[in-house]
Amino acid sequence: MSKDTFYLTTPIYYVNDVPHIGHAYTTVAADFLARYHRLRGERVHFLTGTDEHGEKVALAAAAAGLEPQAWADHVVPRWKEVWERLEISYDDFIRTTEERHTAPVQKLAQQLYDQGDVYLGEYEGPYCVACESFYQPSEIVDGLCPIHETPVVMLKEHNYFFRLSAYQDRLIELYETQPDFVAPESRRNEVLAFVRAGLQDLSMSRTSFGWGVPIPWDPAHVMYVWVDALQNYITAVGFGSDQERFERTWPADYHIIGKDILRQHAVIWPALLMAAGLPLPRHVFAHGYLTVGGKKMSKTNLTGISPHTLLDEFGSDGYRYHFLRDGTFGQDGAFSYEAMLARYNADLANDLGNLVSRTLAMVTSYFDGVVPVPGEATEAEVLLGQKAAEAAAGLDRGVEALDPAGALEAVMSLARATNLYINEAAPWKLAKDPSPEARQRLATVLYSATEAIRQLSVLFSPAMPAASRRIRAQLGLPGVETRPLPVALAWGDLAAGTKVERGEAVFPRLEAQG
RNA sequence: GGCGGCGUAGCUCAGUGGUAGAGCAAGCGGCUCAUAAUCGCUGUGUCGGCGGUUCGAAUCCGCCCGCCGCUACCA
């Protein structure tokens, strides 16, 4: 069996925290890509999940008076709940405490140990007793812990090390021969500079706490959480358990990540795979941070905004549209409520929602709610059809370039073109003209406008699945287009005689709530 | 300190050698089917500063100013 599946992943999220809009940003973007590829008729596997090992989870659990596993069980539903509200269409949700993950992880570790890629070494560094953790020498200020401002001690710990340094040349070769392995380009440059500066071996086990995957040949050690976590991308698709499934899915086409975890994905992960003798992912794409007031969003800055708050006001579509449409995916982008509200009203309520509303109002009052049989197309209809084709091409290009904003701008331009088409054809004037010619023309205009809306419902379905369903319901169409993209967009596919049902506004205008 | 990036209309940004662009916001006009909506028109910019290369630079080079990222295990 060879690879036949488009496979993309989000990071697995660390369960010491509940989701904020930064996590949701990554996940929404990945979902947009997954839905687009499904719409193209591709077999898609979209993976997300949770990372549940490590010291911080143990600490968070202890603070809550729970065992780590119980804590994780308690937090995971908080994540799934947000993904459900956001219409995240993941095909699988992996938790790193699952047997299907830990068993293959141990097996691979044993393989690396047996073949000499792992050795027992000694780690020495500044250690804060109060924190119970090691620091980097650069983090220590005047010999004091940066958090407790108390003296640190030099402590030694025996750890197992992964021979990361041995893969330095092969990693550099990877970045050079496959320039888009890491994207955007600025991130690739960072990674390349980092690796060229020289790699140290990676300490991959801990003995100071016990919440992790045990090292199989020395159970006093647990695995460093990143070495465990990264492997979710292969264990979730059958590595070590279902070889046929693994081969048809792996390697991943895209790992979508935030820029904070670039090194793990662009350096450690490919090195581990090289050691394991497995194929490498095709692309690692690191997007930027959302910033609030010019600062990285975080709980400590009190800038961590709950997705629920925004979902209550904007719904899944308003939420998804804003984060996909505003900003450049690879760069940091400023989040602001005002910008989100402005975008919602300008694009979704005014341009798109009102287009549906005005068109169906006319079909309802002029043709009793039945899509009329169109007459001969004029130049205006030909032009509108061209605009639809351009929107589809723009969507393709935007996805290909990992530029959701460009993709959605292209699609929205069809809504604007349709509004313009209606204004120029002025069906409300035609309706007042009793001649058969005018009636025929009116039918053509309203058919064409309705067909354009049908196309918009398809083109917007990856970004705004719920809105797409609402629009299609009003058009009297099935909620989901099941035919693949080129076919579904044949101009004139909408059947005359279809009964439309003008309903509630698809996107009601919103007033600022502060 | 080293390496890298950014600084373009009020706002968010696109634009890598050839007369400065989009969307939003603002002003004016049209239309009335529609969610005070839609459509058209309008302006605006020393393209961070200084110097250089070039017939010609926002776009290439140098210096300066400002902001940011990376400089290893913090999942």
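Labels below follow one simple rule: chain letters A, B, ... track the order of the sequence lines, proteins then strands, and each chain is numbered from 1. Quick note: numbers below take in every heavy atom, side chains included, and nothing from hydrogens, waters or symmetry partners.
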For A:Gln231, all residues meeting side-chain hydrogen bond (donor to acceptor under 3.5 Å, both in side chains), sequence neighbours excluded: none
For nucleotides [N] and [M], find the distance between their [atom1] atoms and express it as a whole number of Å.
| N | M | atom1 | result |
| --- | --- | --- | --- |
| B:rG69 | B:rU46 | C1' | 30 Å |
| B:rA58 | B:rG18 | C1' | 13 Å |
| B:rU44 | B:rC11 | C1' | 14 Å |
| B:rC13 | B:rU8 | C1' | 9 Å |
| B:rG48 | B:rA14 | P | 13 Å |
| B:rA57 | B:rG15 | C1' | 13 Å |
| B:rU59 | B:rU19 | P | 15 Å |
| B:rG2 | B:rC63 | P | 12 Å |

G-U wobble or Watson-Crick pairing nucleotide for B:rG1 (cut-off 3.5 Å, both distances): B:rU71
For B:rG43, the Watson-Crick or wobble counterpart (both distances under 3.5 Å): none
Integer-rounded Å distance: B:rA72 P and A:Leu199 CG: 12 Å
Whole-Å distance separating the CG atom of A:Leu262 from the P atom of B:rC68: 20 Å
Residues that A:Lys259 engages under salt bridge (Lys or Arg N to Asp or Glu O under 4.0 Å), provided they are two or more places apart: A:Asp332
Set of residues satisfying salt bridge (Lys or Arg N to Asp or Glu O under 4.0 Å) with respect to A:Arg263, sequence neighbours excluded: none
Pair A:Glu381 + A:Arg441: basic N to acidic O under 4.0 Å: yes
Sugar-phosphate, base or nothing in reach of A:Asn419, heavy atoms under 4.0 Å: sugar-phosphate
Qualifying residues under ring-ring contact (aromatic ring centres under 6.0 Å, His included), relative to A:His74, sequence neighbours excluded: A:Trp71
Interatomic distance, A:Glu52 atom CD to A:Asn16 atom CG [nearest 0.5 angstrom]: 11.5 Å
Looking only at side-chain N and O atoms, does [X] come under 4.0 Å of OP1 or OP2 in [N]?
| X | N | answer |
| --- | --- | --- |
| A:Arg187 | B:rG4 | no |
| A:Arg206 | B:rC74 | yes |
| A:Arg502 | B:rU35 | yes |

Partner residues of A:Pro404 under the side-chain contact (heavy atoms from CB on, under 4.5 Å) criterion, sequence neighbours left out: A:Phe32, A:Leu324, A:Phe329
Minimum-distance nucleotide to A:Ala505 side chain [options: B:rC3, B:rU35, B:rU32]: B:rU35
Residues from residues 345-353 of chain A lying under 4.0 Å of RNA chain B - heavy atoms: A:Ala349, A:Asn350, A:Asp351, A:Gly353
